[in-house]
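These values consider heavy atoms only, across backbone and side chains, with no hydrogens, waters or symmetry-generated copies.
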Amino acid sequence: MSKVTVFNHPLIDHKLSIIRCANTNTKDFRETVSEIASLMAYEVTRDLKTKEIETVTPIQPTITKTLAEEVVIVPILRAGLGMVDGIHKLIPTAKIGHIGLFRNEETLKPECYFIKMPPTVKEATVLLVDPMLATGNSAEAGIRILKERGAKKIIYIGLVGVDEGIATLQSNHPDVDIFLAAKDERLNEKGYIVPGLGDCGDRLFGTK
């Protein structure tokens, strides 16, 4: 069974309060989402493999460590884009793929309209980012698409999730660890997270 990590950190809690607030403007919302993703990425990447290399310091040669594996960041469009920059600043060598999904408002099932992946996705640690783990259907579809393209090590990173979404991922992809900034109470009748933070894509990009 996959590991589920819900962060308990004062900086993340503080920033979550900002993006939960209905009065937070688009600029502050977008910047804060990126900051939360960056804080989360520090812990998410704790187990990345490193290798030793020789480095010449201003004093003398020494042995240091550098990343020994590729990292690919894959946002689920649109909302996942808001988390990419915060993670990419920490791992600037990471490649970026994209998965475009939209939710059918009647069935609540995801439908795919765009896929583009770097060739390293098969060997890399893939960070699938999507802010809201609600029903879990979009994240499940994203993981399935990644596996169909050869990805073997996948980690899901979200901002807010609920038990229903967690259960969907664990039942369909027990090999994928889940990282969340917060776990909320429930889904409402429309499949939105309660209390949540609203439609993350609309709030990121100022759309309706």
**Q** Other residues, nucleotides and ligands only: do more than 12 of their heavy atoms fall within 6.0 Å of CZ on Phe205?
**A** yes
**Q** With a 4.5 Å heavy-atom cut-off, do Arg144 and His173 have their side chains touching?
**A**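 They are in contact (side-chain heavy atoms under 4.5 Å apart), so the answer is yes.
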**Q** Any side-chain heavy-atom pair from Asp175 and Lys152 closer than 4.5 angstrom?
**A**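 No, every pair of side-chain atoms sits at 4.5 Å or beyond.
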**Q** Checking side-chain contact (heavy atoms from CB on, under 4.5 Å) against Val160, which of Leu197, Val6, Leu180 comes through?
**A**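 When Leu197, Val6, Leu180 are each tested with Val160, the side-chain contact (heavy atoms from CB on, under 4.5 Å) holds only for Leu197.
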**Q** In the structure I gave you, are the side-chain heavy atoms of Asp184 and Val194 within less than 4.5 Å of one another anywhere?
**A**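 Asp184 vs Val194: side chains apart.
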**Q** Would you call Lys95 and Val121 a side-chain contact if the rule is heavy atoms closer than 4.5 Å?
**A**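 The answer is no, as the side chains (C-beta and beyond) never meet within the 4.5 Å cut-off.
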**Q** Please check if the number of heavy atoms outside Lys122 that lie under 6.0 Å from its NZ is greater than 12.
**A**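 Result for NZ/Lys122: open.
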**Q** Can you find a side-chain donor-acceptor pair between Asp202 and Thr207 that sits under 3.5 Å?
**A**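 The answer is yes; a qualifying pair exists.
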**Q** Identify which one of Leu101, Thr168, Leu133 satisfies the side-chain contact (heavy atoms from CB on, under 4.5 Å) criterion when paired with Ser138.
**A**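 Running side-chain contact (heavy atoms from CB on, under 4.5 Å) over Leu101, Thr168, Leu133 with Ser138 returns exactly one hit, Leu101.
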**Q** Could you state whether Leu127 and Ile143 fall into the same hydrophobic cluster, counting links through intermediate Ile, Leu, Val, Met, Phe, Trp or Tyr residues with side-chain heavy atoms under 4.5 angstrom apart?
**A**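 No, Leu127 and Ile143 fall in different hydrophobic clusters.
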**Q** Indicate yes or no for a side-chain donor-acceptor contact from Glu52 to the backbone of Ile63 under 3.5 Å, with no hydrogens or angles considered.
**A**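 No: the side chain of Glu52 does not pair with the backbone of Ile63.
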**Q** Side chain of Arg203, backbone of Thr26: donor and acceptor closer than 3.5 Å?
**A**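 Checked: no pair found.
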